[in-house]
J.: 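First the structure, then my questions, so here it is.
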2 protein chains.
Amino acid sequence: MKIGELAKKTDCSVQTIRYYEKEQLLCTTQRSDGNFRLYDEAAVEQLLFIKLCRNLDLSLSEIRQLLTLKRSPGAQCDQVNRMMDTHIQQVETRIQELVQLREHLKVLRRSCSSERTIEQCGILQTLTTNQHQKR
Amino acid sequence: MKIGELAKKTDCSVQTIRYYEKEQLLCTTQRSDGNFRLYDEAAVEQLLFIKLCRNLDLSLSEIRQLLTLKRSPGAQCDQVNRMMDTHIQQVETRIQELVQLREHLKVLRRSCSSERTIEQCGILQTLTTNQHQKR
DNA sequence: CTTGACTCTATAGTAACTATAGAGTTTAAA
DNA sequence: TTTAAACTCTATAGTTACTATAGAGTCAAG
Ligand SMILES: [Zn+2]
Ligand SMILES: [Zn+2]
Ligand SMILES: [Zn+2]
Ligand SMILES: [Zn+2]
């Protein structure tokens, strides 16, 4: 199949597929007489694997590692598991950062109501005068 | 004061300050005879304001809008308030996405233990065989 | 008068795409 | 058979908010 069909089957844009090839996530394929890329079912599988990983927010570099690991089926699982653990930890940290941020934003938001002018704006005042003015 | 002192006072890198100038978050300043940028206290204030906004994850474009608004003190607050509301909503959404993602990752992680080989890896199997294999 | 610390501009790199431009290829209808 | 539409190719630039150079100029102290 040609790249357009692969794109449709995997719900992935044509440019993204070419990008993944350049980034070594998909190996270079056969080409037709007219220099069009030709793919088989294995390519569909691989691209779907990549998409699932991206949905888990794994980076392209991490996915590249996973693909390499898949090619040595006798090796131990440790690396895969460690990658997952690290990744989960990062997501956890990010969630906590965002929860804190949300609280900051909500407090700030409460410092203003709609009927004010910019001059009286509680939000802008807080952001401006915070620690460094009026002692 | 020169750019290095401003950088120290605001805990902001010299390159970032120059970048903010290019992006119109800081206006172009006076220059010394030797073409060095010269700043006053107002610049310190403004840069600290920008930093606080960045800590709230506001984009440079949003901050640019806020700075513009600050310059028309008679106008109404609506725009500021609307920007905050939108921003809070985005953070909320992102938190929910990440919480879901975390659950996915945890389930996936549980499908493997350390003593396995890649071939038996529950994680890789799940990612590979998901919907599209085995009917 | 030279050394070192500072500053200047311009350019490239980061991550993971997305969006062109300009050219060639293939398929189908007219 | 011509021609038009639809597809594909490569190469390049843009996105965000910086960071990191290179190569040159400025300034103060010793
Ligand atoms: Zn990760
Ligand atoms: Zn307000
Ligand atoms: Zn926002
Ligand atoms: Zn495993």
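Throughout, protein chains are lettered first and strands after them, A, B, ... in sequence-line order, and every chain is numbered starting at 1.
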J.: Ignoring hydrogens and geometry, is there a side-chain-to-backbone donor-acceptor pair from B:H104 to A:N55 under 3.5 Å?
T.: no

J.: Between A:L98 and A:L101, is there a side-chain heavy-atom distance shorter than 4.5 Å?
T.: yes

J.: According to a 4.5 Å side-chain heavy-atom criterion applied to Ile, Leu, Val, Met, Phe, Trp and Tyr, with indirect links allowed, do A:V14 and A:L38 form part of one hydrophobic cluster?
T.: no

J.: Any side-chain heavy atom of B:V44 within less than 4.5 Å of one from B:E5?
T.: no

J.: Are there more than 12 heavy atoms of other residues, nucleotides or ligands under 6.0 Å from atom CD of A:E103?
T.: yes

J.: When the distance from CD of A:E21 to C1' of D:dA11 is rounded to whole Å, what number comes out?
T.: 14 Å

J.: Look at the side-chain N and O atoms of A:R31 and state whether any lies under 4.0 Å from the OP1 or OP2 oxygen of D:dT10.
T.: yes

J.: Suppose we screen for side-chain contact (heavy atoms from CB on, under 4.5 Å). Which residues come up paired with B:Y39, at least two apart in sequence or across chains?
T.: B:M1, B:I3, B:L6, B:I17, B:E21, B:T29, B:R37, B:A43

J.: So do A:L25 and A:Y19 actually touch side chain to side chain, heavy atoms under 4.5 Å?
T.: no

J.: Whole angstrom is fine here: how far is it from CG in B:L38 over to C1' in C:dC6?
T.: 13 Å

J.: A:E41: which residues meet the side chain to side chain donor-acceptor pair (under 3.5 Å) condition with it, sequence neighbours left out?
T.: A:K9

J.: Given atom CZ of A:R37 and atom P of C:dT26, what is their separation to the nearest angstrom?
T.: 15 Å

J.: Mind listing the side-chain donor-acceptor pairs of residues 65-75 of chain A below 3.5 Å, one per line with the distance, residues two or more places apart or on another chain?
T.:
| residue | atom | partner | partner atom | Å |
| --- | --- | --- | --- | --- |
| A:T68 | OG1 | A:R64 | O | 2.9 |
| A:K70 | NZ | B:T128 | OG1 | 3.0 |
| A:S72 | OG | A:L69 | O | 3.2 |

J.: Could you tell me the separation between the CD1 atom of B:I118 and the CD atom of B:Q125, rounded to the nearest 0.5 Å?
T.: 11.0 Å

J.: Can you list everything that forms a side chain to side chain donor-acceptor pair (under 3.5 Å) with A:T86? Sequence neighbours excluded, please.
T.: none

J.: Applying side chain to side chain donor-acceptor pair (under 3.5 Å), can you list everything that pairs with B:Q15, at least two apart in sequence or on another chain?
T.: none

J.: Could you go over nucleotides 15-17 of chain C and give all protein N or O partners under 3.5 Å, atom names and distances?
T.:
| residue | atom | partner | partner atom | Å |
| --- | --- | --- | --- | --- |
| C:dA16 | OP1 | A:L60 | N | 3.4 |
| C:dA16 | N7 | A:Y19 | OH | 3.4 |
| C:dC17 | OP2 | A:Y20 | OH | 2.9 |
| C:dC17 | OP2 | A:R54 | NE | 2.8 |

J.: Check DNA chain D against residues 84-104 of chain B and give the residues with a non-hydrogen atom under 4.0 Å, in numerical order.
T.: none

J.: Give me the distances for all protein-to-nucleotides 20-22 of chain D N/O pairs that come in under 3.5 Å?
T.:
none

J.: Heavy atoms, side chains only, cut-off 4.5 Å: are B:I50 and B:C53 in contact?
T.: no

J.: Enumerate the salt bridge (Lys or Arg N to Asp or Glu O under 4.0 Å) contacts for residues 79-95 of chain A, please, sequence neighbours excluded, ordered by first and then second residue.
T.: A:D85-B:R109, A:E92-B:R102, A:R94-A:E97, A:R94-B:D57

J.: Rounded to the nearest Å, what distance is computed from the CD atom of residue A:Q30 to the P atom of nucleotide D:dT8?
T.: 16 Å

J.: Roughly, in whole Å, what's the span from CD in B:E62 to C1' in D:dT16?
T.: 13 Å

J.: For A:Q120, check side chain to side chain donor-acceptor pair (under 3.5 Å) against everything at least two apart and list the hits.
T.: A:T117

J.: Please state how far atom NZ in B:K51 lies from atom C1' in D:dC18, giving the value in whole angstrom units.
T.: 13 Å

J.: Quick one: B:E5 CD to C:dT7 C1', roughly how many Å, whole number?
T.: 14 Å

J.: With axes from five pairs an end, tell me the bend angle of the helix from C:dC1-D:dG30 to C:dA30-D:dT1, nearest 10°.
T.: 40°

J.: Output the rounded distance in Å from OH (A:Y39) to C1' (D:dT8).
T.: 11 Å

J.: Are the side chains of A:L52 and B:T126 in touch, meaning some heavy atoms are under 4.5 Å apart?
T.: no

J.: Please list, pair by pair, any protein nitrogen or oxygen found under 3.5 Å from a nitrogen or oxygen in nucleotides 26-30 of chain D.
T.:
| residue | atom | partner | partner atom | Å |
| --- | --- | --- | --- | --- |
| D:dC27 | OP1 | B:G34 | N | 3.2 |

